[in-house]
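This report concerns only the one structure given below.
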There are 2 protein chains.
Amino acid sequence: MAEQPNLAPRAKRPTGRRAGDSGTRDAILDAARDLFAARGYDGASVRAIATAAGVDPALIRHFFGDKDGLFAATMADRTVIPARIAEHLQGDPATAGNRIVDAYLRMWEEPETRPVLMALIRSATTSEQAVGMLFDVLGGRIREQSGITDPDGERMRRVALAGTQMLGVAVARYVIKLPPIAAMTHAELVEQIGPTIQRYLDGENI
Amino acid sequence: MAEQPNLAPRAKRPTGRRAGDSGTRDAILDAARDLFAARGYDGASVRAIATAAGVDPALIRHFFGDKDGLFAATMADRTVIPARIAEHLQGDPATAGNRIVDAYLRMWEEPETRPVLMALIRSATTSEQAVGMLFDVLGGRIREQSGITDPDGERMRRVALAGTQMLGVAVARYVIKLPPIAAMTHAELVEQIGPTIQRYLDGENI
DNA sequence: GCCATAACTCTACGGGTGGGGAATTCCTCA
DNA sequence: TGAGGAATTCCCCACCCGTAGAGTTATGGC
């Protein structure tokens, strides 16, 4: 019917720089964020990310150097994350537990932050390298923003214990999608998990 | 000095069946268990497993059909795991919390079961497929062995909440190796986490 | 208007991936 | 003793991977 061959092996895109502000860099970051979230660091290939962004893979190299650079850039873009939790470590200590869980779960529900958290978990459980980056980027912030001075002290241990519970819920609810946990409402979870966090943060003997 | 060329490009191994009982199948299962543990389902390649087992990759295909079959065989080999936890759900309910955490952490310390748990977590956080297998194999057992009748009932929810905390500690301590948690002793962890489990299992409002 | 530089593409290389076919050797059972 | 099958190897295929180089087009400062 038309003149174009319908068996075109591949549609060549125009070469060279685009006119105006193309926003390509951000498109790549968005695609990377989503794919790292869906498949983890190893599972998300540079090529797949480029395709998702509608761009040649070599552009990623141009902008970010290599895959590591891209991952780092993807994470660094939204490092507000720890701040939003740490701020609740201050406020009224008596109600911190519920407030923290509430804020944390809300972050997981937001379409902007969720992929980043997902990527962090999926990557950290698989690649040692990703764990390193996680410690570098998040660790420092949590510590400074929550006013912890001694890295080996009791306060740090309390926060870490609370962290294990929050990590566990997130993995169960959002990654593994364990039925009973995934089925609970936001409010129910806060009600159940909040006291646990509270106990870790200011319980008696630790 | 010798007659053999020291630049032999690769040492060809003899083809054909070996004499006697070679135990190759088990060697493959062992190597697979360790590699799945270290790198997760996707990260552990059939070739790497074969090499670790000192065997040609095609043998894996011969014995297990494909990579999935190998993974399934690796996991199925040691499904005693859930039983060992579930049995503590019975016994004296007043002390269940500490006993469960204690038994659970001990499993993580044993060189036999640890790789399986590791492989489970590393794979489940990355591949949907692995999650399916996990539910099929473990889910049923946990439910039956802990005497849960209603899959959506309160009892199930309690066990699941406890599960999130245990999952969280394991990931933090053994996978991510979060410093404060990794540094705590077995006893300290039992003392801190035990009460949380206890509260989930028989706390007031759930 | 010119030119360095930034944005963008194509093609290619070396290597790893899971899977399958064919050949060889040994074991078991009639 | 002979036949069939199991265990084991090698080689091959088609595909995906991260990265690199070289070429093309627009932008922005002079």
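In what follows, chains are A, B, ... by sequence order, proteins preceding strands, each numbered from 1.
Here the P atom of nucleotide dG18(D) and the CD1 atom of Ile28(A) are 14 Å apart, to the nearest Å. A straight line from CD1 of Ile60(B) to C1' of dT17(C) spans 13 Å, rounded to a whole angstrom. Distance Asp42(B) CG to dC17(D) P: 12 Å, rounded to the nearest Å. For the pair Phe64(B) CZ and dG18(C) P, the computed distance is 15 Å after rounding to whole Å. Taking atom CZ of residue Arg47(B) and atom P of nucleotide dC13(D), one finds them 13 Å apart after rounding to whole Å. In this structure, CG of Leu35(A) is placed 11 Å from P of dG18(D), rounded to the nearest angstrom. One interatomic measurement links the two molecules: CZ of Arg25(A) to C1' of dA6(C), which rounds to 13 Å at whole-angstrom precision. At whole-Å resolution of the value, CZ in Arg13(A) and C1' in dC10(C) are 11 Å apart.
Not one side-chain nitrogen or oxygen of Ser22(A) sits closer than 4.0 Å to the OP1 or OP2 atom of dA7(C). Ser45(A) has a side-chain polar atom (N or O) that falls below the 4.0 Å cut-off from OP1 or OP2 of dC17(D). OP1 or OP2 of dA20(D) sits under 4.0 Å from a side-chain N or O of Arg61(A). In terms of phosphate contacts, His62(B) brings a side-chain nitrogen or oxygen within less than 4.0 Å of OP1 or OP2 of dA7(D). In this structure, Thr24(B) does not reach the dA7(D) phosphate: none of its side-chain N or O atoms is under 4.0 Å from OP1 or OP2.
With sequence neighbours left out, the side chain to side chain contact (heavy atoms under 4.5 Å, CB included) criterion links Asn98(A) to Val190(A), Pro195(A). Every residue two or more places apart in sequence or in another chain that forms a ring-ring contact (aromatic ring centres under 6.0 Å, His included) with Tyr174(A) is listed here: Trp108(A).
Using a 4.0 Å cut-off between a side-chain N of Lys or Arg and a carboxylate O of Asp or Glu, Arg106(A) and Glu110(A) do not qualify as a salt bridge.
Ring geometry for Tyr41(A) against Phe36(A) counts as parallel: the plane angle stays under 30°, on a 0 to 90° scale with 60° as the upper cut.
Neither side chain, Thr196(A) nor Thr196(B), offers a donor N or O lying under 3.5 Å from an acceptor on the other.
The Leu59(A) side chain lies nearest to dA7(C) when the options are dT8(D), dG18(C), dA7(C). The side chain of Asp56(B) sits closest to dT9(D) out of dT9(D), dT17(C), dC8(C). Nearest nucleotide to the side chain of Phe63(A), out of dC8(C), dT8(D), dT19(D): dC8(C).
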Using a 4.0 Å heavy-atom cut-off, write out nucleotides 22-30 of chain D from 5' to 3' as B (base contacted by protein), S (sugar-phosphate only) or - (no contact). -BBBBS---
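Distance check, rounded to the nearest 0.5 Å: OG1 of Thr113(A) to CZ of Arg33(A) gives 9.0 Å.
Residue Pro14(A) is in sugar-phosphate contact alone, with no base atom involved, counting any heavy-atom pair closer than 4.0 Å across all strands shown.
Around CZ of Arg173(B), the count of heavy atoms belonging to other residues, nucleotides or ligands within 6.0 Å exceeds 12.
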